[in-house]
Amino acid sequence: MRHFRQQIGDRVASILDLTSTDLADSMTDPPSQDLGDLSLPCFQLAKQLKKSPPEIATQLAQASWDLPWLQSVDTAGPYLNFKVNRSEFARLAVERVLQAGEGWGRGESGQGQTVIVEYSSPNIAKQLAVHHLRSTMLGQAMANLLRWAGHTVISWNHLGDWGTGFGKLLAAWEKYRSTDDLDSPPLEKREDPVSDLNALYVRFNQSCQEEEGLDSIAREWFRKLEAGDPLAVSRWKRIRAVSLHKFDSIYQRLGVSFDKTIGESHYEQGMEAVIAQLQDKGLLVESDGAEVVHVTDQMPPMLIRKQDGATLYGTRDLASAMERHKLYPFDRCLYVVDAGQGLHFKQVFGVLKLLGHEWASHLEHAEFGVMRLKVDGAWKKGKTRGGQVVLLEEVLNQAVQLATRKVQEKNPDLDSQQVEQISEAVGVGAVIFSDMKAARRKDVNFELEKILAFDGETGPYLQYTHVRFCSILRKAASQGLAAGDGRLLEEAEELVLLKRILRFPEVVARAARDAEPSHLSQYLLELASEFNTYYAQHRVLGDDASLSSDRLVLVDALKKTLGRGLQLLCIDPLERM
RNA sequence: GUCCCCGUAGCUCAGCUGGAUAGAGCAUCGGAUUCCUAAUCCGGAGGUCGCAGGUUCGAAUCCUGCCGGGGACGCCA
């Protein structure tokens, strides 16, 4: 749509003899279609030209407008309103989309820019819970959007595979061998090894409350791991491997993948070098036996090394950022992590800046609101520690199960393989969309009933709309109907749809810029809703063959837009459901 | 106490870098299916945009203060 606004902007600039203009961006849609299809408020110009807004509007309206896709230019007080020549506009719009082909919506706003997106980043030896959905899906959608906007993206999974917690796990492995020996059956052969590991961990933690000395045993195991003790390392590696294997199976269902999966353990060797740098710059300060860096007066100091000499995850984040920048000198690096870690990232970014790294300003905490679970009637942040987690996989399975029933009921002729494939896409899509519908900063209360509601503004609604497009295209193909050029698309609802379609590239660019997938979610809902309104009023394939051909091409453009949009959100666009 | 995020209809949320009468979905009430999938569509009812100032020709949108909710604030990640 910007393409068209730009033409108006250029013409206005030449009429008024202005050189630099950003008029294309200040144009809006009039509040009603009676007033026009596009509007330029003249207040800004009034300031520049020292004339009243209505005066300028009048002057512009009286000038000659030779854009072939414009019908008329009118004023409404300070507003300059344009009416589009529907036939010509439609022809040009359709042409634009179809020429772009599979690359429709692709932008060049990110050309030549490298972006790292860190997301998901689960801890190994723990199951993925529903709340992991947030970082995982938001991050994957951001990566997709940034790529589609032209950036070079490196998607990054910063695995939590290091820390004193693993000392506990290794201690538990040893302690409970008589009741649950992880070597028989071996971890790798078990049905759900991660769940077994998690159970062992929880059990150990509970014992810590009652039994004295378990903590020091756990610390000792972590020390062994750090020192490279063969048994500790081999068990840790096995734990890591089975965890990754499990994660991958879920990532695959969600359409999630990473260019880099690097655990915190990777940075362990680099810790001393980081600390040396901080020391050289005179930033490291002793405080209560620990070592800290004072970032600014606005925030508490960042803890670098504990009293016992061990480093913390923040120190590893410093090392990680520096290594990343060496490998891929990025223009942006997004951390898709919950808002609760705001201070932590401020400290990390601040320390990097103190170290003299210019690129510290390229680091962004793409924060999101927490997911709360209902615990004893109150909404609480879901935590693994106390048990009480809802497993992501179980939520997916429940959604798919419900979708299966629905698909079978609506479409009894499908064979079982089709039902399975469609249900998976609908169920998983519903879960994914429910997580990305609202702005990422909003906290979300986990309500299974709402996720499983397939009516209204939901993933299934979008997929259903896509299915309608496909049905029409299938039917047209079976009739051998050719695509038209769009010049007969003169209905008001058709203009609404064409304008909506043309905004797609702008929406992608904005969503990428703001790291805000919900911009796309909202856009797709509007597109679907406008189409369904149209669909209820007009027949696409009717008696008039040439009109049908033109409407067909509109449906094709809609399908390209919605289909691509769904893919960017990791939702599978379906042919039937 | 300090800092961060949020506060729009009964509930869940849109509202783009300020622009012409604040929009959806759910729930509720009433309608639509000979015809491209009714997982849909149409209509009714429902709002002092938390409150008070300020900036501006113009504020739900920007600034300040207050209130309410959530979160973070040193040896977990």
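Proteins get letters first, then strands, A, B, ... in listed order; numbering begins at 1 in each. Below, all heavy atoms of this structure are taken into account, side chains as well, without hydrogens, waters or symmetry copies.
- Residue A/Gln44 is classed as a base contact, given a heavy-atom separation below 4.0 Å to a base.
- Taking atom C1' in both B/rG69 and B/rG74, the straight-line distance is 27 Å, to the nearest Å.
- The ring of A/Tyr79 has its center closer than 6.0 angstrom to the ring center of A/Phe43.
- Pair assignment for B/rU64 gives B/rA52, based on Watson-Crick or G-U wobble hydrogen-bonding distances that are each under 3.5 Å.
- Within 4.0 Å (heavy atoms only), A/Met577 reaches at least one base atom of the nucleic acid.
- Residue A/Pro31 places its side chain closer to B/rU21 than to any other of B/rG70, B/rU21, B/rU40.
- Closest to the A/Arg372 side chain, of the nucleotides B/rG70, B/rC73, B/rU40, is B/rG70.
- Within the nucleic acid shown, A/Thr533 comes within 4.0 Å of sugar-phosphate atoms alone, with no base atom in reach, counting heavy atoms only.
- Between B/rA20 and A/Ser32, no contact under 4.0 Å exists linking OP1 or OP2 to a side-chain N or O.
- Around the CG atom of A/Asp543, the shell of radius 6.0 Å holds no more than 12 heavy atoms that belong to other residues, nucleotides or ligands.
- Here the options are A/Val295, A/Ile304, A/Leu278, the test is side chain to side chain contact (heavy atoms under 4.5 Å, CB included), and the partner is A/Leu283; only A/Leu278 passes.
- Taking only side-chain atoms of A/Gln341, from C-beta outward, the nucleotide of B/rA77, B/rC36, B/rC57 with the closest atom is B/rA77.
- A/Arg551 comes within contact range of no nucleotide atom at all, as no heavy-atom separation falls under 4.0 Å.
- Contacts of A/Asp288 with the nucleic acid, taken as non-hydrogen atoms under 4.0 Å apart, include base atoms.
- The side chain of A/Lys475 approaches B/rC36 more closely than any other nucleotide in the set B/rC36, B/rC76, B/rG19.
- Only the P atoms considered, B/rC16 is 15 Å distant from B/rA59, to the nearest whole Å.
- Within the nucleic acid shown, A/Ser287 comes within 4.0 Å of at least one base atom, counting heavy atoms only.
- Taking the C1' atom of each, B/rC49 and B/rG15 are spaced 11 Å apart, rounded to whole Å.
- Within the 4.0 angstrom heavy-atom criterion, no nucleotide atom of any strand lies near A/Arg474.
- Contact annotation for A/Leu343: backbone-only contact, meaning every heavy-atom pair under 4.0 Å involves sugar-phosphate atoms and none involves a base.
- Comparing the C1' positions of B/rU28 and B/rC36 gives an interatomic distance of 32 Å, to the nearest angstrom.
- Going from the P atom of B/rG10 to that of B/rG47 covers 7 Å, rounded to whole Å.
- The residue A/Pro30 sits close to a base: some heavy atom pair falls under 4.0 Å.
- Separation of the P atoms belonging to B/rC26 and B/rA22 is 23 Å when rounded to the nearest angstrom.
- Formation of a donor-acceptor pair under 3.5 Å by the A/Ser529 side chain with backbone atoms of A/Leu525 is not found in this model.
- Residue contacts shown for A/Gly160 are absent, as no nucleic acid heavy atom lies under 4.0 Å away.
- Partner of A/Val351 under the side chain to side chain contact (heavy atoms under 4.5 Å, CB included) criterion, chosen from A/Val274, A/Asp317, A/Leu318: A/Leu318.
- A ring-ring contact (aromatic ring centres under 6.0 Å, His included) check over residues 427-450 of chain A, counting only residues at least two apart or in different chains, returns nothing.
- Candidate nucleotides B/rC76, B/rA20, B/rU40 were compared by shortest atom distance to the side chain of A/Tyr461, and B/rU40 ranks first.
- For the C1' atom pair drawn from B/rA9 and B/rC66, the interatomic distance equals 25 Å after rounding to whole Å.
- Nucleic acid contact for A/Leu312: sugar-phosphate only, since backbone atoms but no base atoms lie under 4.0 Å from a heavy atom of the residue.
- Among the heavy atoms of the strands lying under 4.0 Å from A/Val407 is at least one base atom, whether or not backbone atoms are also near.
- For the pair A/Arg305 and B/rG74, the criterion of a side-chain N or O lying under 4.0 Å from OP1 or OP2 is not met.
- Among the atoms of the strands shown, none is found under 4.0 Å from any heavy atom of A/Asp308.
- Between the side chain of A/Glu424 and the main chain of A/Gln421, no donor-acceptor pair closer than 3.5 Å is present.
- Among the nucleotides B/rA77, B/rC36, B/rC16, the one closest to any side-chain atom of A/Arg510 is B/rC16.
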B/S/- contact track for nucleotides 2-14 of chain B, protein heavy atom under 4.0 Å:
-SSSSS---SSSS
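- Counting atom types as modelled, A/Asn81 pairs a side-chain N or O with a base atom of B/rA20 as donor and acceptor under 3.5 Å.
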